[in-house]
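Some notes on the structure that comes next.
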Amino acid sequence: MPRRIHTDAIVLLRHELGESDRIVTLLTCDQGILRTVAPAARRSKRRFGGCLELFARIEVSLVDLGAGKLARLEEAVLRDSHEAVKSDLLAIAHASYLTELILVFWKERDEAGQAHRLLGDALSRLDRGPMSTQEIRRFELDVLALAGFAPSLDACLGCGTNNARQWVFDHDRGGIVCQSCLTQGVGSGPRNEPVTPSVLRLLRELQKGGRVSFEAAPQTRGAARALLGRIIQGYAGRPLRAREFLRQLAGKGSG
Amino acid sequence: MDAMSRLISLLKQLPGVGEKTATRLVFHILSSSRDYGHALAQSVADVVERVRPCKQCGNLSETSPCRICTDPKRDPTVICVVEKVQDLLAIENTHEHRGLYHVLPGTLSPLEGRGPEQIRIHELLDRLEKDVVEIIVATSSSVEGEATALYIKKLVDSRGIRVSRIASGIPVGGELEYTDRGTIGRALSGRREM
């Protein structure tokens with residue numbers, strides 16, 4: 001049964017369809033991710049104008065034809081085009097990466113109200129310029145937490161201690177294991193990697209959401225970025241395209 | 001499959017052509033003179049065999065370098081960068097640009113994994129070794145088009161070459177009342193003194 005929906009949304013993806021239509025993937029505030037078709041969006045600018053640009057926050061009226069079918073976009077009103085993001089290459093790359101993270105962890109029609117808020121806030125933040133590496137890491141950790149994949153960083157998955165000199169991150173179990181548990185065979189699978197105390201401290205503080213209380217060395221920031229990248233790639237099952245773009249763009253320090 | 005059905009099924013693969021249109025086209029070819037049919041077939045074969053991208057600018061042409069690249073009346077110090085050959089033709093039709101072109105083709109798209117290596121940006125940089133004084137970036141005003149323009153500017157800035165961007169805003173004959181907010185906003189921020 002077709003359902004008429006009026007909601008707030010962020011444009012995540014757009015693809016051409018046939019001669020004049022466009023497929024637009026939206027992250028809505030209350031219906032999750034919806035794939036919609038915008039009829040004649042490429043031929044006529046009157047109906048949708050610049051509303052269907054990537055990252056735009058829009059108010060949409062659409063007809064939902066049910067799971068497995070494209071919803072039909074009837075009307076869109078631009079609320080925020082994030083013009084400032086579009087004037088900064090690094091901000092575009094960051095916005096793309098954050099968007100891809102959402103696309104990796106939420107499937108069509110999954111409940112995604114908090115993801116909508118998280119991405120909306122991040123895009124508003126990007127209007128002021130590219131994010132710092134810590135802001136990107138915090139976003140990654142927030143996405144993992146909202147999607148139910150928060151890495152367990154507080155205590156050893158084996159014995160529960162939070163005080164050890166050496167740690168490894170066990171990708172199969174999604175958390176840290178202390179050295180003494182490791183020698184007893186806990187977390188000794190092929191997919192584990194050492195984590196230095198400083199990286200662990202940085203990630204713990206970022207995960208708690210407050211201000212980081214120390215100035216992390218570049219190596220620490222780099223190792224935290226690499227570890228989170230591998231965690232995310234493990235869940236995504238593939239390298240993230242926008243992350244590779246970021247790497248090509250600016251090399252070190254781009255997030 | 002007989003010859004008529006085969007032609008209909010081939011024509012159906014063209015953009016905007018469905019079964020009915022393809023059938024109508026075939027009947028039109030059959031009702032025209034035999035010479036027309038042969039000329040059409042030969043013309044399609046010639047396009048397929050002879051037309052290639054120009055090694056210099058990426059334009060589609062029977063010669064490489066193409067007619068535009070070898071035209072002595074064109075200004076080789078100004079290069080207009082476009083996403084696709086159709087955009088080059090659109091600009092050519094205005095007669096406003098007397099310089100050369102560079103067809104990328106495509107735009108940077110972080111979300112689709114299209115980076116600088118997937119489009120001909122490095123070939124553009126090679127062309128800048130000659131006496132280029134200005135690059136006009138005529139990519140679309142989408143996020144991807146803007147990203148491409150910004151990336152080109154970033155690469156070229158240090159070479160002392162002027163990088164300009166085509167204007168965007170209210171179309172000729174357009175009415176403000178029916179123009180979307182984003183376009184009006186851009187038109188205002190990109191206003192120029194009279």
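So you know, we letter chains A, B, ... as the sequences are listed, proteins then strands, and number each from 1. Not measured: the values here are computed from a predicted model.
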State whether the number of non-hydrogen atoms from other residues, nucleotides or ligands found under 6.0 Å of [X] atom [atom1] is greater than 12.
{"X": "B:R159", "atom1": "CZ", "answer": "yes"}
{"X": "A:Y235", "atom1": "OH", "answer": "yes"}
{"X": "A:K107", "atom1": "NZ", "answer": "yes"}
{"X": "A:E59", "atom1": "CD", "answer": "yes"}
{"X": "B:Y36", "atom1": "OH", "answer": "no"}
{"X": "A:R238", "atom1": "CZ", "answer": "yes"}
{"X": "A:R230", "atom1": "CZ", "answer": "yes"}
{"X": "B:N93", "atom1": "CG", "answer": "yes"}

query: Just how far is it from atom NZ of A:K86 to atom OG of B:S141, taken to the nearest 0.5 Å?
result: 7.5 Å

task: Report the distance from atom OG1 of B:T148 to atom CD1 of A:I92, rounding to the nearest 0.5 Å.
output: 8.5 Å

For [X], which atoms come within 4.5 Å of any heavy atom of chain B: side chain, backbone, both, or neither?
{"X": "A:V85", "value": "neither"}
{"X": "A:L13", "value": "side chain"}
{"X": "A:E83", "value": "side chain"}
{"X": "A:H82", "value": "neither"}
{"X": "A:D80", "value": "neither"}

message: Less than 4.5 Å apart, side chain to side chain, heavy atoms only: is that true for A:E53 and B:E146?
response: no

message: Are the side chains of A:L249 and B:Y151 in contact, using a 4.5 Å heavy-atom criterion?
response: yes

field: Portion of B:R114 that has a non-hydrogen atom of chain A nearer than 4.5 angstrom
entry: backbone

- request: Name the member of A:S87, A:G18, A:A93, A:P239 that forms the most heavy-atom pairs with chain B at distances under 4.5 Å.
  value: A:S87

message: Taking every non-hydrogen pair under 4.5 Å, which of A:A91, A:S96, A:C51, A:A95 racks up the most with chain B?
response: A:S96

message: With a 3.5 Å distance limit and no angle check, can you tell me whether A:R241 reaches the backbone of B:L111 through a side-chain donor-acceptor pair?
response: yes

- line: When every non-hydrogen atom of A:R14 is compared with those of B:E112, the smallest separation belongs to O-OE2, 4.1 Å

statement: Heavy atoms of B:L150 and A:L89 approach each other most closely as CD1-N, 3.5 Å

